[in-house]
Amino acid sequence: PASLAPSLGALLADRLRYLAQCVFRFADPLYWLSVIRARLIVGIGPAVGRTFPISLLSADKFIGHPAIGVESGIAPARHPELGRRGVRVLTVGRLVPIKGFHLAIRAFAKFAQAHADATLLIVGRGPEKDRLAALVRALGIAGQVTFRDWLPRDEALREMGRADIFLYPSFEGGGMVVLEAMAHGLPVVCLDYGGAGEMVGEDGGIRVPVGTMEDTVDGLAAALAELASDESRRHRLGTAARDRVNARYLWDGRQHVLHQWYTELLQS
């Protein structure tokens with residue numbers, strides 16, 4: 001969304017990338033032929049089905065299904081740390097504009113005004129790190145925010161086991177770390193947009209509507225405050241998030257879905 005771009009340069013780069021993708025897609029006759037001839041088109045989410053030419057030529061043949069999943073037993077049961085004060089907020093990913101880390105930092109800064117003992121851990125590396133670190137300093141929250149470089153997966157998963165809330169205001173269509181956090185029983189705060197919003201659903205966390213930069217940041221901060229002040233709700237949402245992953249997003253069940261698609265197509 002243009003209103004949430006971290007800078008004009010980032011917005012222009014995104015739009016140029018999108019334009020290049022559209023040009024190559026529309027100029028490819030095999031893509032058009034595939035859209036017309038396919039008996040089933042699977043996209044990573046409903047938004048794919050709303051793109052042209054699928055929306056015009058093959059809307060009735062389209063279904064949304066995530067291209068990612070997690071393995072069963074990825075996370076043990078969570079146990080709260082005795083004596084710890086303040087909530088731990090975690091966000092993980094490559095430090096690039098589409099991940100929305102500038103929103104996470106601005107939202108945490110607003111939230112931290114009334115929660116001086118809260119902490120934010122940002123795990124990842126990327127070209128935006130210096131800009132994001134400067135934003136942290138400018139907002140006066142350097143004492144509550146920690147950057148950690150990219151971790152091996154098992155260490156990143158352990159950080160999920162130590163956190164209280166997973167904050168992920170990304171605009172992307174996927175987001176493997178969201179499923180991993182949900183599998184750990186972490187309630188997720190995300191945008192009601194893209195892959196994260198679809199995976200979290202109504203019961204795996206709090207989805208914040210996309211609006212102006214100020215409104216969106218305020219919404220994310222309010223969601224953090226809501227969860228920070230209600231431990232029982234964090235537990236309920238975290239349990240629902242884990243249940244949602246087990247019901248919909250395990251790799252173990254993916255072959256059954258694929259088998260069902262092919263069986264129905266071959267029998268029709």
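Since the model is a prediction, treat every value here as computed from it, not as a measurement. Side-chain atoms are counted along with the backbone in the values below, which use heavy atoms only and exclude waters and symmetry mates.
- Gln255 places a side-chain N or O within donor-acceptor distance of the main-chain N or O of Asp252, the cut-off being under 3.5 Å.
- Closest heavy-atom contact between Arg244 and Tyr249: O-CD1, 3.9 Å.
- No more than 12 heavy-atom neighbours from other residues, nucleotides or ligands sit within 6.0 angstrom of CZ on Arg94.
- Atom CG of Asp192 is separated from atom CD1 of Ile206 by 12.0 Å, given to the nearest 0.5 angstrom.
- Heavy-atom neighbours of Arg248 CZ from other residues, nucleotides or ligands within 6.0 Å: at or below the threshold of 12.
- Using a 4.5 Å heavy-atom cutoff, the side chains of Met160 and Glu180 are in contact.
- Listed for the His184 side chain is a donor-acceptor partner under 3.5 Å among the backbone atoms of Leu157.
- Met182 is not listed as a side-chain neighbour of Arg242, based on a closest heavy-atom distance of 4.5 Å or more.
- The residues Glu159 and Arg148 are annotated as salt-bridged, a charged nitrogen and a carboxylate oxygen being separated by less than 4.0 angstrom.
- Atom CZ of Arg158 sits about 4.5 Å away from atom CG of Asp154, to the nearest 0.5 Å.
- Side-chain atoms of Glu172 and Ser170 include a donor-acceptor pair closer than 3.5 Å.
- Interatomic distance, CZ of Arg236 versus CG of Asp230, reported as 6.0 Å (0.5 Å rounding).
- Pro1 has its side chain within reach of Phe171: a pair of non-hydrogen atoms, C-beta onward, lies under 4.5 Å apart.
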List the atom pairs, donor and acceptor, that lie under 3.5 Å between side-chain atoms in residues 193-204 and the rest of the protein, sequence neighbours left out.
from   : atom 1 : to     : atom 2 : distance (Å)
Glu202 : OE2    : Arg207 : NH2    : 2.8

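- Going from atom NE2 of His256 over to atom CG of Leu250 covers 10.5 Å, rounded to the nearest 0.5 Å.
- Ile44 and Ile68 fall into different hydrophobic clusters, where Ile, Leu, Val, Met, Phe, Trp and Tyr are joined by side-chain heavy atoms under 4.5 Å apart, directly or via other members.
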Give the intermediate values and the outcome of salt bridge (charged side-chain N to carboxylate O under 4.0 Å, His left out) for residues Arg153 and Glu71. CA-CA 13 Å; Arg153 186 171 185 245; Glu71 63 270 30; 2.8 Å; yes
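- Listed by chain and residue number, nothing satisfies the ring-ring contact (aromatic ring centres under 6.0 Å, His included) test with Trp251 (two or more places apart in sequence, or in another chain).
- Nearest heavy-atom pair across Val92 and Tyr168 is O-CE1, 3.2 Å.
- Side-chain atoms of Arg25 and Thr51 form no donor-acceptor pair, as typed in the model, at a separation below 3.5 Å.
- One hydrophobic cluster holds both Val257 and Leu265 under the rule that ILVMFWY side chains link at heavy-atom gaps under 4.5 Å.
- Among residues at least two apart or in separate chains, side-chain hydrogen bond (donor to acceptor under 3.5 Å, both in side chains) pairs with a member in residues 129-138 are Glu128-Arg131.
- Leu95 approaches Gly124 most closely through the heavy-atom pair CD1-O, 3.6 Å.
- A 4.5 Å side-chain heavy-atom check between Val96 and Lys99 finds at least one atom pair inside the cut-off.
- Taking CG from Leu103 and SG from Cys190, the interatomic distance works out to 12.0 Å, rounded to the nearest 0.5 Å.
- Of all heavy-atom pairs between Leu186 and Ala163, the closest is CD2-O, 3.3 Å.
- Residue pairs meeting the ring pair (Phe, Tyr, Trp, His ring centres under 6.0 Å) criterion with at least one partner in residues 2-59, sequence neighbours excluded, are Phe26-Phe52, Trp32-Phe52.
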Could you go through residues 105-123 and list every donor-acceptor pair under 3.5 Å that involves a side-chain atom there, pairing it with any protein atom two or more places apart or in another chain?
from   : atom 1 : to     : atom 2 : distance (Å)
Lys110 : NZ     : Asp218 : OD1    : 3.3
His115 : ND1    : Phe111 : O      : 3.1

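- Among all heavy-atom pairs drawn from Ala181 and Phe166, the shortest one is CB-CG, 3.5 Å.
- Shown here are the salt bridge (Lys or Arg N to Asp or Glu O under 4.0 Å) partners of Arg50, two or more places apart in sequence or in another chain: there are none.
- By the criterion of side-chain heavy atoms lying less than 4.5 angstrom apart, applied directly or through intervening Ile, Leu, Val, Met, Phe, Trp or Tyr residues, Val48 is not grouped with Leu191; the two fall into different hydrophobic clusters.
- For the atom pair OG1 (Thr91) and CG (Leu167), the distance works out to 5.5 Å, reported to the nearest 0.5 Å.
- Salt bridge status for Arg17 with Asp14: present, with a side-chain N to carboxylate O gap under 4.0 Å.
- At distances below 3.5 Å, at least one donor-acceptor pair connects side-chain atoms of Arg234 with backbone N or O atoms of Leu227.
- A donor-acceptor contact shorter than 3.5 Å links the side chain of Ser34 to the backbone of Leu30.
- Thr212 contributes a side-chain N or O that, together with a main-chain N or O of Asp215, makes up a donor-acceptor pair within less than 3.5 Å.
- Contact between Leu11 and Ala5 at its shortest, heavy atoms only, is CB-CB, 3.8 Å.
- Sparse packing is recorded around NE2 of His235, with 12 or fewer heavy atoms of other residues, nucleotides or ligands lying under 6.0 Å away.
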Decide yes or no on side-chain contact (heavy atoms from CB on, under 4.5 Å) for Ile41 and Ile63, but give the supporting numbers first. CA-CA 6 Å; Ile41 299 175; Ile63 60 173; over 6 Å; no
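- With hydrogens and angles ignored, the 3.5 Å screen pairs a side-chain donor or acceptor of Ser3 with a backbone N or O of Gly211.
- With hydrophobic clusters built from ILVMFWY side chains whose heavy atoms lie under 4.5 angstrom apart, Leu56 shares a cluster with Val35.
- Ile98 is connected to Val210 through a chain of hydrophobic side-chain contacts under 4.5 Å among Ile, Leu, Val, Met, Phe, Trp and Tyr, so both are in one cluster.
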